[in-house]
Amino acid sequence: MKSPVINSSLPNSVDGQLQSLYQRQGLNYISNNINIIPRDDAGNIVLQETDINNPLLIIDSVTEQFTNASVLKVLDTQFKYFKFPARTTVVDEEAVDLDLDLDLQVELQDPVFARYRPSEDRRIIASADYSGIEMSEVQDGLPQQTTNTYTVTKELKNSGADLRFRIKLQHRYDAPSGFGTAFFSIIKSSEQGLNRQYRTFENTSQYVPNTPGSINQYEVQDLEFNIVIPNLEFEIGDRFGIGAKAGQNNNTQFHTINALQSYWVISDASKNVDLWNREINA
């Protein structure tokens, strides 16, 4: 039995120069050259059945179709539109007269106005002297430099403006029987110290007459007052707050500030404005 014939070499008619030529042109010399694989006039590979001398059918991929030169020839990336460094040319033109009538209205922040209120319902502390109440929510105007207080700024003091305080405090007394007492004040803090009774106020219950600060069982009172603080009575850095004290504060008897129905509005006393600093036409 004869061993099968294995053609392990290319035909002698294809030399290295021919192979190199096909490689440079990006062609597969193995499959396209008729000297390696015979083809008929139609380009079909010529094979003879049962012929042991048939050429080997060699399939090879083209791995050298693209060269650096061919890519650069197709994709010309040279920048042809500008030259660097760039040059500028000044063209003399007549001066343009820009007569623009611009009505720019810039709304500046009022150096005085602020509107504060409690952020939540709070009990009034039972004590012999006034304690500051929570008034930390800034609804409009100047922010609080110190929580729960209004601070006199340099702009405010230098403006010479007097301050107008409009305060509403709604409070309720809960108790199984009888009446209680509650008092309120403006607290002032300055270089001279802390004055908890700078101004004092109280309501009197319609159910308990002739008793200052009285409030009946389950009664709701609205304490409202409008007061002017002269510019001469404060200095830069002075702070104002709202104080309160109650005669009762335990599990069954207590006073509560209703946050949503309370506010503290500070404005320029010379301006006729509403509680949101909107001008009121006379």
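Values below: all heavy atoms of this structure, side chains included; hydrogens, waters and symmetry mates excluded.
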Taking all non-hydrogen atoms of both residues, which atom of [X] and which atom of [Y] are closest, and how far apart?
{"X": "I187", "Y": "S131", "answer": "CD1-C, 4.2 Å"}
{"X": "R117", "Y": "A259", "answer": "CD-O, 4.1 Å"}
{"X": "N216", "Y": "E219", "answer": "N-OE1, 2.7 Å"}
{"X": "W276", "Y": "D274", "answer": "N-OD1, 2.9 Å"}
{"X": "T204", "Y": "Q221", "answer": "C-NE2, 4.0 Å"}
{"X": "A244", "Y": "I124", "answer": "CB-CG2, 3.8 Å"}

Is a salt bridge present between [X] and [Y], judged by a nitrogen-to-oxygen distance below 4.0 Å?
{"X": "D162", "Y": "R164", "result": "no"}
{"X": "E233", "Y": "R199", "result": "yes"}
{"X": "E235", "Y": "K157", "result": "yes"}

First locate atom [atom1] of [X], then atom [atom2] of [Y], and finally report the distance between them rounded to the nearest 0.5 Å.
{"X": "K245", "Y": "E202", "atom1": "NZ", "atom2": "CD", "answer": "9.5 Å"}
{"X": "D121", "Y": "E134", "atom1": "CG", "atom2": "CD", "answer": "10.0 Å"}
{"X": "L223", "Y": "I167", "atom1": "CG", "atom2": "CD1", "answer": "8.5 Å"}
{"X": "S214", "Y": "Y173", "atom1": "OG", "atom2": "OH", "answer": "11.0 Å"}
{"X": "T252", "Y": "N249", "atom1": "OG1", "atom2": "CG", "answer": "10.5 Å"}
{"X": "Q170", "Y": "N258", "atom1": "CD", "atom2": "CG", "answer": "4.5 Å"}

Residue pair D129, S127: steps toward the side-chain hydrogen bond (donor to acceptor under 3.5 Å, both in side chains) verdict: CA-CA 5 Å; D129 206 350; S127 61; over 6 Å; no

Look only at the side chain of [X] and the backbone of [Y], and say whether a donor-acceptor pair between them is shorter than 3.5 Å.
{"X": "N272", "Y": "I280", "result": "yes"}
{"X": "Q217", "Y": "A175", "result": "yes"}
{"X": "T256", "Y": "R123", "result": "no"}
{"X": "D140", "Y": "R115", "result": "no"}
{"X": "Q248", "Y": "T181", "result": "yes"}
{"X": "D238", "Y": "F234", "result": "no"}

Determine, step by step, whether D222 and N203 satisfy the side chain to side chain contact (heavy atoms under 4.5 Å, CB included) criterion, reporting the C-alpha distance in whole Å, the side-chain angles of both residues, the deciding distance to 0.1 Å, and the verdict. CA-CA 8 Å; D222 288 325; N203 273 356; 5.6 Å; no

Is the Lys NZ or Arg CZ of R239 less than 6.0 Å from the centre of Y150's six-membered ring, within 45° of the axis? no

Would you say that [X] contacts [Y] through its side chain, given a criterion of any heavy-atom pair below 4.5 Å between the two side chains?
{"X": "L194", "Y": "S189", "answer": "yes"}
{"X": "R166", "Y": "S267", "answer": "yes"}
{"X": "I215", "Y": "H255", "answer": "yes"}
{"X": "F113", "Y": "D268", "answer": "no"}
{"X": "D110", "Y": "N277", "answer": "yes"}

[Y] reachable from [X] in the ILVMFWY side-chain graph, under 4.5 Å edges:
{"X": "F240", "Y": "Y263", "value": "no"}
{"X": "M135", "Y": "V112", "value": "yes"}
{"X": "L163", "Y": "Y116", "value": "yes"}
{"X": "I266", "Y": "Y198", "value": "yes"}
{"X": "V138", "Y": "I242", "value": "yes"}

Go through it in stages, so that I can follow the logic: the residues are K168 and E224, the test is salt bridge (Lys or Arg N to Asp or Glu O under 4.0 Å), and I'd like the CA-CA distance, side-chain angles, deciding distance and then a yes or no. CA-CA 4 Å; K168 176 185 175 183; E224 298 184 61; 5.2 Å; no

Below 30° counts as parallel, above 60° as perpendicular, anything between as tilted: where do the rings of W264 and F165 land? perpendicular

Determine whether more than 12 heavy atoms belonging to other residues, nucleotides or ligands lie under 6.0 Å from atom [atom1] of [X].
{"X": "E120", "atom1": "CD", "result": "yes"}
{"X": "Y207", "atom1": "OH", "result": "no"}
{"X": "I125", "atom1": "CD1", "result": "no"}

Are F184 and Y130 close enough that their ring centers fall under 6.0 Å? no

Using side chain to side chain contact (heavy atoms under 4.5 Å, CB included), reason through I186 and I227 one step at a time and then give a plain yes or no. CA-CA 10 Å; I186 295 176; I227 183 173; 3.9 Å; yes

Looking just at side-chain N and O atoms, do Q144 and T149 make a donor-acceptor pair shorter than 3.5 Å? no

